[in-house]
Engineer: 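Before anything else, here's the structure in question.
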Amino acid sequence: MRSSPSIRRLVRETVVGVDDLVYPLFVREGEGIKEPIASMTGCFHFSPDTIAAEAAEVASLGIPAVLLFGLPGKKDEIGSEAWAEDGVVQRAIREIKQAMPELLVITDVCLCEFTSHGHCGVIREGKVDNDPTCELLAKMALSHAQAGVDIVAPSDMMDGRVKSIREALEENDFKEVAIMSYAAKYASAFYGPFRDAAESAPAFGDRRAYQMDPANSDQAMAEIALDIQEGADIVMVKPALAYLDIIYRARQRFDCPIAAYNVSGEYMMVKSSAAAGLSDERATMMEVLTAIKRAGADILITYFAKDVARIFSE
Ligand code: PBG
């Protein structure tokens, strides 16, 4: 069953396709910006006025969706730029939806890029305070909905935030906006390059009081079940490559679409290894993404999305 390319094609069980892909984009305050991100080879910072052109390229490659991250001009204790009507993300959503209405826009809903202390919620007595944070996240998600977003993706790991967001959307007549929840998000060292790119590293402590312990698997199932109950339409496992068992278990257990985030550190391992001449970038990329899909992911969020799509359009 392996003797020729044709027979291998015929019996292949898992095929990564352009329909599976979501491409993350970083938008920052300013004008005319398209600057390479030092910590993430091949990725760029855009400003709201340049992002539509990039989105057009993504759409022209056949990629169905982008995932937006914002870097605001100013940060404060509670991250109030996160729900500003004219915030960077809100403007970027409008620009993209106006230029490319058919391209799905997904937004990261989390405060860490907007707070002066870099934590994903409001701080009380040195700790992230869960419940008031949920209210702010709901405001943030609602402001994205008002700007025209298709899917909001809460990535903060507060308890109850999917419910708060779902209620805020329903009450304001945004019933069609979907929620892709980062349901099983681990406190991972693989986010290092991203925190540089998003300027979102915590100023003190770490995220282990809200993101999951990498040692846990049953807890991931409990977290996913809760988010589905609260109204999540798509659930995510993050990171992806080091958590294939979690994706597999979730696939066996839940019927909703499962997304997997092949995060910045996983991406840069492949890039750095190839840049050092140690491995073939394209082959490694395809092997990693195929493995994530084989484990059970329906949606692949990856900085490789454009590279993969280019292979298909060759
Ligand atoms: C939080 C967020 C993070 C990532 C996505 N959303 C960073 C974190 O939790 O510290 C990481 C993505 C990546 O590493 O590619 N807003």
Side-chain angles (χ1 to χ4, degrees), residues 21-28 37-45 66-72 75 79 81-83 87-89 106-122 128 133 136-137 140-141 144 151-158 161 165 179-214 223 234-243 259-272 285 288-289 292 297 299-306:
L21 304 170
V22 175
Y23 186 57
L25 285 176
F26 296 89
V27 58
R28 73 178 319 149
I37 297 174
S39 61
M40 295 172 64
T41 314
C43 298
F44 295 82
H45 281 128
V66 291
L67 170 60
L68 288 184
F69 292 94
L71 288 79
K75 305 188 186 214
E81 274 296 299
W83 54 89
V88 266
V89 174
I106 311 174
T107 48
D108 187 70
V109 172
C110 186
L111 297 177
C112 64
E113 294 121 49
F114 299 86
T115 53
S116 41
H117 44 73
H119 275 287
C120 304
V122 287
V128 171
T133 300
L136 301 183
L137 293 166
M140 183 177 182
H144 293 175
I151 304 178
V152 289
S155 70
D156 52 283
M157 285 301 279
M158 299 302 129
R161 91 282 203 212
I165 291 172
I179 300 177
M180 176 167 84
S181 119
Y182 290 64
K185 176 174 177 180
Y186 287 87
S188 171
F190 286 104
Y191 306 150
F194 173 95
R195 288 185 188 167
D196 246 26
E199 295 166 6
S200 66
F204 62 90
D206 54 45
R207 304 206 201 290
R208 281 185 272 189
Y210 39 103
Q211 298 181 349
M212 282 185 54
D213 183 339
E223 289 284 356
I234 300 170
V235 292
M236 193 199 300
V237 175
K238 178 184 171 189
L241 187 55
Y243 296 82
Y261 200 141
N262 183 220
V263 300
S264 58
E266 297 177 326
Y267 168 78
M268 283 307 289
M269 283 199 309
V270 175
K271 283 276 182 195
S272 317
M285 164 184 91
V288 165
L289 295 174
I292 296 168
I299 299 169
L300 307 172
I301 304 169
T302 173
Y303 304 102
F304 282 121
K306 282 167 64 180

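All values derive from a computational prediction rather than experimental measurement. In each ligand, atom 1 is the first atom listed, and ligand 1 is the first ligand listed. These values consider heavy atoms only, across backbone and side chains, with no hydrogens, waters or symmetry-generated copies.
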Engineer: Measure the distances from the heavy atoms of Y267 to every atom of ligand 1 and state whether one is below 4.0 angstrom.
Structural biologist: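 Checking ligand 1 against Y267, which is what was asked, there is no heavy-atom contact under 4.0 Å.
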Engineer: Which ligand 1 atoms are under 4.0 Å away from a heavy-atom of Y261?
Structural biologist: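 Listed by number with element, the hits are 12 (C), 15 (O).
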Engineer: From atom 7 (C) of ligand 1, work out which of F194, F114, Y186 has a heavy atom at the shortest distance.
Structural biologist: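 That would be F194.
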Engineer: If the plane angle is over 60° it's perpendicular, under 30° parallel, otherwise tilted; pick one for F69 and Y261.
Structural biologist: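 Because their plane-to-plane angle lies in the 30° to 60° range, the rings of F69 and Y261 count as tilted.
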Engineer: Counting heavy atoms only, which of K238, M157, H119 is nearest atom 11 (C) of ligand 1?
Structural biologist: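 Residue with the shortest heavy-atom distance to the ligand atom: K238.
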Engineer: Please list, in number order, the atoms of ligand 1 under 4.0 Å from a heavy atom of F69.
Structural biologist: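 Those of ligand 1 that fall under 4.0 Å from F69 are 5 (C), 6 (N).
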Engineer: Starting from atom 14 (O) of ligand 1, find the nearest protein heavy-atom neighbour and note its residue, name and distance.
Structural biologist: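 Sorting protein heavy atoms by distance from atom 14 (O) of ligand 1 puts S264 OG, 2.7 Å first.
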Engineer: Is there a polar contact, in the sense of an N or O pair closer than 3.5 Å, between E113 and ligand 1?
Structural biologist: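 Right, the criterion is met.
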Engineer: Could you work out, for atom 9 (O) of ligand 1, the closest of R195, M268, K185 by heavy-atom distance?
Structural biologist: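 The residue whose heavy atom sits nearest atom 9 (O) of ligand 1 is K185.
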Engineer: Can you list the ligand 1 atoms lying under 4.0 Å from a non-hydrogen atom of R207?
Structural biologist: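 Close to R207: 8 (C), 9 (O), 10 (O).
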Engineer: Out of the candidates I151, V152, D108, only one should pair with M180 under the side-chain contact (heavy atoms from CB on, under 4.5 Å) rule; please name it.
Structural biologist: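 For M180, the side-chain contact (heavy atoms from CB on, under 4.5 Å) check succeeds only for I151.
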Engineer: According to the salt bridge (charged side-chain N to carboxylate O under 4.0 Å, His left out) rule, which pairs have a member within residues 198-213, sequence neighbours left out?
Structural biologist: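 Sorted pair list: R28-E199, D206-R208.
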Engineer: Specify whether Y186 and Y243 have parallel, tilted or perpendicular ring planes, treating 30° as the upper limit for parallel and 60° as the lower limit for perpendicular.
Structural biologist: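 Y186 vs Y243 ring planes: parallel.
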Engineer: Would you sort out whether K185 and Y210 count as a side chain to side chain contact (heavy atoms under 4.5 Å, CB included), showing the intermediate values?
Structural biologist: CA-CA 9 Å; K185 176 174 177 180; Y210 39 103; over 6 Å; no
Engineer: Measure from the side-chain N and O atoms of R161 to the backbone N and O of L137, and report whether any donor-acceptor pair falls under 3.5 Å.
Structural biologist: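 No, R161 side chain to L137 backbone: no donor-acceptor pair under 3.5 Å.
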Engineer: Considering only heavy atoms, does C112 approach ligand 1 within less than 4.0 Å through its side chain, its backbone, both, or neither?
Structural biologist: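 The answer is the side chain of C112.
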Engineer: Out of all atoms in ligand 1, which are within 4.0 Å of some heavy atom of Y303? Include the element for each.
Structural biologist: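 In order of numbering, the contacting atoms are 12 (C), 13 (C), 15 (O).
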Engineer: Taking it one step at a time, do L300 and N262 satisfy side chain to side chain contact (heavy atoms under 4.5 Å, CB included)?
Structural biologist: CA-CA 7 Å; L300 307 172; N262 183 220; over 6 Å; no
Engineer: Within 45° of the six-membered ring axis of Y191 and under 6.0 Å from that ring's centre, is NZ or CZ of K238 located there?
Structural biologist: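 Ring-cation test returns yes.
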Engineer: Suppose I only count heavy atoms of Q211 and a 4.0 Å limit; which atoms of ligand 1 are within that range?
Structural biologist: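 Answer for ligand 1: 8 (C), 9 (O).
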Engineer: Any non-hydrogen side-chain atom of T302 less than 4.5 Å from a side-chain atom of L21?
Structural biologist: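 Counting from C-beta outward, T302 and L21 do come under 4.5 Å.
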Engineer: May I ask whether E266 places a heavy atom under 4.0 Å from ligand 1?
Structural biologist: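 In this structure, E266 fails to qualify as a contact of ligand 1 - no heavy atom is under 4.0 Å.
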Engineer: Report, in ascending order of atom number, the atoms of ligand 1 lying under 4.0 Å from any heavy atom of C110.
Structural biologist: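 So the answer, numbered in order with elements, is 1 (C), 16 (N).
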Engineer: Counting only heavy atoms, which portion of D108 has something under 4.0 Å from ligand 1: side chain, backbone, both, or neither?
Structural biologist: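 Within the 4.0 Å criterion, D108 contacts ligand 1 through side-chain atoms alone.
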Engineer: How far apart are the closest heavy atoms of L111 and A82, and which atoms are they?
Structural biologist: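 What the structure gives for the nearest pair is CD2-CB, 3.8 Å.
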